[in-house]
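In what follows, a single structure is set out as structure tokens and then discussed.
Protein chains get the first letters and strands the later ones, always in sequence-line order, with residue 1 at the start of each.
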Number of protein chains: 2
Amino acid sequence: MPANRRPQDRQEKRAEIVDAAEQLFVDVGFEDTPMARIAAAAGVTTTTIYWYFDDKDALLVAVLDQVLASALREHAAAGEQPWDEQLLWVITRLRRLHRLVSVVHARVSSSPVVNDWHDRFHALADINLAEGFRAAGVREQDLPAATRIAVFVIEGLLTHTHDEQTARDIVRLLGALT
Amino acid sequence: MPANRRPQDRQEKRAEIVDAAEQLFVDVGFEDTPMARIAAAAGVTTTTIYWYFDDKDALLVAVLDQVLASALREHAAAGEQPWDEQLLWVITRLRRLHRLVSVVHARVSSSPVVNDWHDRFHALADINLAEGFRAAGVREQDLPAATRIAVFVIEGLLTHTHDEQTARDIVRLLGALT
DNA sequence: CCGGTTCTTGAATGCCATGCAAGAGCAGCC
DNA sequence: GGCTGCTCTTGCATGGCATTCAAGAACCGG
């Protein structure tokens, strides 16, 4: 019944579009990249993108999924490290994604798909951070609050320019929560 | 030389536009409010707004200035309070401004005027928070880091839904920094 | 009442996300 | 090999929106 050329093809083309979008959303910004520019970078037409994605927000979510998966993979590959170092790693590794962080928060209230992604992301982040804080010796009843503080501090550092030393000082002081 | 009707007039009309924009930016959101809607709410035409403001971002900055001034006035009127209570007051008082917080961060990288306002805001916030933390007994060398943590936590709480109790827990734990 | 200045406006202009209808290319089936 | 039904792809709209422009009103000092 299905007249699919190669079963791979669809996913490959989709991936090319997501790759192009990722580079532009990260380096130029979501609001400042027209669909036409993504299309050009991917070697297709604007309309073609709409065959693979419902709208620009859906494409954004696909980019976010890809970026998140890639970061998780790298983090796993980095192996075990002291908690402070892990936090610093996240902050420096994700610094270049600040545009994504900002646009997600900006679109959460008007785009249901972005809002869903945001919820999923925080659920995941909470789990990982809580685990880290537990291992670092934070009291069980303080875990939820410590976790949220860490999330907000990380997001804040990602969206505000700062130097290496500031980040270190903040992470060190965060250790006072234990 | 200047053929000004009444010297007041200009500022009055300007204020009406800013009031209309404030209500819409706060309740509906900057991106979701067309200039035409602001104009209609202010009883003028889109073009008229451009006589008073360079562009939509300049109008946003005017709204931010007004909202900030109003919050500072209220805060001063609230009188002296324990540090924890002051932080909670800020969080609950500014909760309804979450859309403004998000849009500022989203536009910082593409709008110079918004970027300037953002810088000024953080300079002001840093001063006030540092003073509060100092009074609350935070060690002098920890002040910069504690201040930034507080700023990021406040911004995080403003842009993420949470219940009253969570906010209290977080502020209490923040007290552990002293 | 005149000339210059401040406002105001309706009608462009141009960018952009998205929708639409008409094709291509391909896989099975006769 | 030609027909048919898919999956894609595209050029051409459409409509929303920020911003600009040229042409007035309204008003001031003289």
Pairwise distance [atom1]([X]) to [atom2]([Y]) - rounded to 0.5 angstrom:
X	Y	atom1	atom2	value
B:Asp169	B:His162	CG	NE2	11.0 Å
A:Ile154	A:Arg95	CD1	CZ	13.0 Å
A:Tyr52	A:Ile17	OH	CD1	6.0 Å
B:Leu72	B:His75	CG	NE2	8.5 Å

Q.
Heavy atoms within less than 4.0 Å of DNA chain C: which residues of residues 52-66 of chain B have one? Give them sorted by number.
A.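 Listed by number, they are B:Tyr52.
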
Q.
Near DNA chain C, counting only heavy atoms under 4.0 Å, which residues of residues 41-48 of chain B show up?
A.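 Correct list: B:Val44, B:Thr45, B:Thr47, B:Thr48.
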
Q: Give a yes or no on whether the ring-centroid distance for B:Phe30 and B:Phe25 is below 6.0 angstrom.
A: yes

Q. The helix from C:dC1-D:dG30 to C:dC30-D:dG1: angle between its terminal axes, five pairs each, to 10°?
A.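 Taking five pairs per end, the axes differ by 10°.
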
Q | Modelled atom types, side-chain donor and acceptor of B:Asp19 and B:Gln66, under 3.5 Å | A | yes

In whole Å, I'd like the distance from the [atom1] atom of [X] to the [atom2] atom of [N].
X	N	atom1	atom2	value
B:Glu31	D:dA18	CD	C1'	12 Å
B:Gln11	C:dC7	CD	P	9 Å
B:Arg10	D:dC27	CZ	P	17 Å
A:Ile49	C:dT18	CD1	P	11 Å
B:Met35	D:dT20	CE	P	10 Å
A:Phe30	C:dC16	CZ	C1'	12 Å

Please list, pair by pair, any protein nitrogen or oxygen found under 3.5 Å from a nitrogen or oxygen in nucleotides 12-15 of chain C.
none

Q.
When you measure from the side-chain N and O atoms of B:Lys13 to the phosphate of C:dT6, is any distance below 4.0 Å, counting only OP1 and OP2?
A.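 No, B:Lys13 has no side-chain N/O under 4.0 Å of OP1/OP2 on C:dT6.
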
Could you tell me whether a side-chain N or O of [X] sits under 3.5 Å from a main-chain N or O of [Y], the two making a donor and an acceptor?
X	Y	value
A:Thr33	A:Gly29	yes
B:Thr92	B:Leu88	yes
A:His98	A:Leu158	no

Q: Verify the neighbour count for atom CG of A:Asp163: are there more than 12 heavy atoms of other residues, nucleotides or ligands below 6.0 Å?
A: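 More than 12 within 6.0 Å, yes.
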
(Q) Taking CZ in A:Arg93 as the centre, count heavy atoms belonging to other residues, nucleotides or ligands within less than 6.0 Å. Is the count above 12? (A) yes

Q: Indicate the atoms forming the closest heavy-atom contact of B:Ala62 with B:Phe53, along with that distance.
A: CB-CE2, 3.6 Å

Q: Taking only heavy atoms on the protein side, list every residue of residues 16-27 of chain B lying under 4.0 Å from any atom of DNA chain D, sorted numerically.
A: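 Within this stretch, nothing sits under 4.0 Å of the strand.
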
Q | A:Arg172 with A:Asp84: basic N within carboxylate O range, under 4.0 Å | A |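 Salt bridge: no.
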
**Q.** B:Arg99 bridged to B:Asp32 by N-O distance under 4.0 Å
**A.** no

Q. Out of B:Val104, B:Asp54, B:Val114, which one pairs with B:Val61 under the side-chain contact (heavy atoms from CB on, under 4.5 Å) rule?
A.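 Looking at B:Val104, B:Asp54, B:Val114, the match for B:Val61 under the side-chain contact (heavy atoms from CB on, under 4.5 Å) is B:Val114.
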
Q | Non-neighbouring partners of A:His122 that pass ring-ring contact (aromatic ring centres under 6.0 Å, His included), sequence neighbours left out | A |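 Listed in chain order: A:His118, B:His160.
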
Q | Pairwise 5' ranking along DNA chain C for B:Trp51 and A:Tyr50, keeping only the more 5' one | A | B:Trp51

